[in-house]
J.: 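Okay, handing you the structure first.
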Amino acid sequence: MQPYEARAFRFIELLSLGDWRMKLYGIAWSGERPRPELLETARKIAAEQLAQEKSNDYRVGFIGAHDGRNACFVFVDFWGNENELFHRVFLSRRNDPTQLSAANTSDSSVCVWDLRLQSFEREAWIKHVLRNPNRPDFEGYLGERLSENA
């Protein structure tokens, strides 16, 4: 076990993937941003994964590209059924940012740094969507972005 150290969380871009709108974030163990290869892999994985999703109420969410100490992770998270977060995880145990595969049921699905991003996105969803049930503000949600070291 190593002592906790803050990691860089950076909003990268807002992606339009078909009729999905997704915030892409980078989380970096070292440096300000994940390696470019991991960000590109995250874009490809998200496009492929979201094209397979059958139904979703909102078609908005976020993607995390986490360049970790010993592994690379990509998670594709999107909102549905009013207040549920759907979570798809991909990883490379060899720390290869171009070779990720879907996580197994025995794999961890989220770490303390990923939880920081999910927590931020939860608060943004509550603020812009759940507190405005008659007029959800999806643009406001998509405009709320995390960039910090945590």
Side-chain angles (χ1 to χ4, degrees), residues 6-130 136-150:
R7 294 190 180 184
F9 290 77
R10 299 294 178 262
F11 173 77
I12 305 298
E13 65 184 326
L14 182 62
L15 296 173
S16 292
L17 302 169
D19 56 352
W20 291 84
R21 293 182 299 161
M22 304 290 288
K23 299 186 248 184
L24 175 60
Y25 289 99
I27 305 170
W29 168 67
S30 176
E32 285 294 307
R33 294 168 61 120
R35 290 172 278 180
E37 299 89 351
L38 181 58
L39 293 171
E40 186 56 35
T41 299
R43 290 179 187 97
K44 289 177 186 174
I45 286 172
E48 292 169 4
Q49 183 63 42
L50 294 171
Q52 296 175 32
E53 296 297 337
K54 297 294 183 231
S55 64
N56 181 268
D57 302 334
Y58 312 109
R59 297 192 178 272
V60 297
F62 56 98
I63 304 154
H66 190 161
D67 206 343
R69 183 178 42 166
N70 297 316
C72 295
F73 298 88
V74 168
F75 52 94
V76 179
D77 289 14
F78 54 91
W79 297 102
N81 302 329
E82 188 176 322
N83 58 16
E84 296 177 8
L85 183 65
F86 292 80
H87 182 66
R88 310 292 188 248
V89 181
F90 303 83
L91 62 104
S92 171
R93 287 181 184 81
R94 295 184 308 262
N95 207 12
D96 181 343
T98 64
Q99 299 295 315
L100 281 78
S101 58
N104 298 319
T105 56
S106 60
D107 292 322
S108 65
S109 66
V110 64
C111 72
V112 296
W113 292 280
D114 302 337
L115 282 171
R116 171 64 189 118
L117 179 55
Q118 287 179 327
S119 177
F120 174 86
E121 289 294 319
R122 173 191 179 271
E123 293 303 317
W125 188 254
I126 290 169
K127 176 182 175 183
H128 294 286
V129 178
L130 296 182
D137 181 6
F138 296 111
E139 295 305 317
Y141 165 74
L142 291 168
E144 192 106 7
R145 298 164 180 175
L146 178 67
S147 283
E148 68 180 14
N149 291 342

J.: Decide side-chain contact (heavy atoms from CB on, under 4.5 Å) for Trp20 and Glu53; before the verdict, give the C-alpha distance in whole Å, the side-chain angles of both, and the deciding distance to 0.1 Å.
T.: CA-CA 11 Å; Trp20 291 84; Glu53 296 297 337; 4.0 Å; yes
J.: Side chains of Arg10 and Ile12, heavy atoms from C-beta outward: is any pair under 4.5 Å?
T.: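 Side-chain contact under 4.5 Å: yes.
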J.: Would you call Glu48 and Arg43 a salt bridge, using N to O less than 4.0 angstrom?
T.: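 No, Glu48 and Arg43 are not salt-bridged.
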J.: Looking at every heavy atom in both Leu100 and Cys72, which two are closest together, and how far apart are they?
T.: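 Closest pair (atom of Leu100, atom of Cys72, distance): CD2-O, 3.9 Å.
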J.: Locate the shortest heavy-atom distance separating Gly31 from Ala8; write the atom from each residue and the value.
T.: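 Gly31 and Ala8 have their closest heavy atoms at O-CB, 3.5 Å.
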J.: Let's go through Phe138 and Tyr58 carefully: what are the C-alpha distance in whole Å and the side-chain angles of both, what is the deciding distance for ring pair (Phe, Tyr, Trp, His ring centres under 6.0 Å) to 0.1 Å, and is it a yes or a no?
T.: CA-CA 9 Å; Phe138 296 111; Tyr58 312 109; 5.5 Å; yes
J.: Would you call Ile27 and Asp67 a side-chain contact if the rule is heavy atoms closer than 4.5 Å?
T.: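 No, every pair of side-chain atoms sits at 4.5 Å or beyond.
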J.: When you compare the side chain of His128 with that of Leu142, does any pair of heavy atoms fall below 4.5 Å?
T.: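 Result no, sub-4.5 Å side-chain heavy-atom pair not found.
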J.: Sub-3.5 Å donor-acceptor pair from the side chain of Ser16 to the main-chain atoms of Arg21, do we have one?
T.: no
J.: Has Ser92 got a side-chain atom pairing as donor or acceptor with Ala71's backbone, closer than 3.5 angstrom?
T.: no
J.: So, Asn104 side chain and Asp107 main chain: donor-acceptor pair closer than 3.5 Å or not?
T.: no
J.: Could you grab the distance from atom CD of Glu84 to atom CZ of Phe78, nearest 0.5 Å is fine?
T.: 10.5 Å
J.: Which atom pair, heavy atoms only, marks the closest approach of Ala65 to Leu39?
T.: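 Here Ala65 and Leu39 meet closest at CB-CD2, 3.9 Å.
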J.: I'd like to know whether CZ of Arg145 has more than 12 heavy-atom contacts from other residues, nucleotides or ligands below 6.0 angstrom.
T.: yes
J.: Determine the minimum heavy-atom distance between Gly68 and Asn95, stating which atoms define it.
T.: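 Heavy-atom minimum between the residues: O-OD1, 4.0 Å.
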J.: For a 4.5 angstrom cut-off between non-hydrogen side-chain atoms, does Asn70 reach Arg93?
T.: no
J.: Taking all non-hydrogen atoms of both residues into account, name the closest pair between Val76 and Met22 and its distance.
T.: CG1-CE, 4.0 Å
J.: Do Leu130 and Glu82 pass the side-chain contact (heavy atoms from CB on, under 4.5 Å) test, and can you show the C-alpha distance, the side-chain angles, and the key distance before you say yes or no?
T.: CA-CA 8 Å; Leu130 296 182; Glu82 188 176 322; 3.9 Å; yes
J.: Between Glu13 and Lys23 (salt bridge meaning N to carboxylate O under 4.0 Å), is one present in this structure?
T.: no
J.: Verify whether one side chain among Gln118 and His87 offers a donor that lies under 3.5 Å from an acceptor in the other.
T.: yes
J.: Is there side-chain contact between His66 and Arg7, with heavy atoms separated by less than 4.5 Å?
T.: yes
J.: Are side-chain N/O atoms of Asp96 and Gln99 paired as donor and acceptor at under 3.5 Å?
T.: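 Their side chains do not contain a donor-acceptor pair, so the 3.5 Å distance test is not met.
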J.: May I ask you to decide if the ring planes of Tyr141 and Trp79 are parallel, tilted or perpendicular, using 30° and 60° as cut-offs?
T.: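 Taking Trp79 first and then Tyr141, their aromatic rings stand perpendicular (interplane angle over 60°).
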J.: Does any part of the side chain of Ile63, heavy atoms only, come nearer than 4.5 Å to the side chain of Asp77, both counted from C-beta?
T.: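 Side-chain contact under 4.5 Å: no.
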J.: With the side chain counted from C-beta on, respond yes when Phe62 and Phe120 share a heavy-atom pair under 4.5 Å apart, and no when they do not.
T.: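 Not in contact.
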J.: Indicate the atoms forming the closest heavy-atom contact of Leu24 with Ala42, along with that distance.
T.: CD1-CB, 4.2 Å
J.: Closer than 3.5 angstrom, by distance alone: can the side chain of Thr41 be matched with the main-chain N or O of Glu37 as a donor-acceptor pair?
T.: yes
J.: So, do Leu146 and Tyr25 sit near enough that their side-chain heavy atoms are less than 4.5 Å apart?
T.: yes
J.: Please determine whether side-chain contact (heavy atoms from CB on, under 4.5 Å) holds for the pair Phe9 and Trp113, giving the CA-CA distance in whole Å, both sets of side-chain angles, and the decisive distance to 0.1 Å.
T.: CA-CA 9 Å; Phe9 290 77; Trp113 292 280; 3.9 Å; yes
J.: Taking the six-membered ring for Trp, is the centroid-to-centroid distance between Phe90 and Phe75 below 6.0 Å?
T.: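 No, the ring of Phe90 stays outside the 6.0 Å limit from the ring of Phe75, centre to centre.
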J.: Would one find more than 12 heavy atoms of other residues, nucleotides or ligands at under 6.0 Å from atom CZ of Arg35?
T.: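 Yes, CZ of Arg35 has more than 12 neighbouring heavy atoms, counting only those of other groups under 6.0 Å.
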J.: Salt-bridged, Arg116 to Glu148, with N to O below 4.0 Å?
T.: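 The answer is yes: the pair qualifies as a salt bridge.
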J.: Evaluate Val74 against Arg88 for side-chain contact (heavy atoms from CB on, under 4.5 Å), listing each step before the verdict.
T.: CA-CA 8 Å; Val74 168; Arg88 310 292 188 248; over 6 Å; no
J.: Verify, without hydrogens or angle tests, whether Asp57 (side chain) and Asn81 (backbone) share a donor-acceptor contact under 3.5 angstrom.
T.: yes
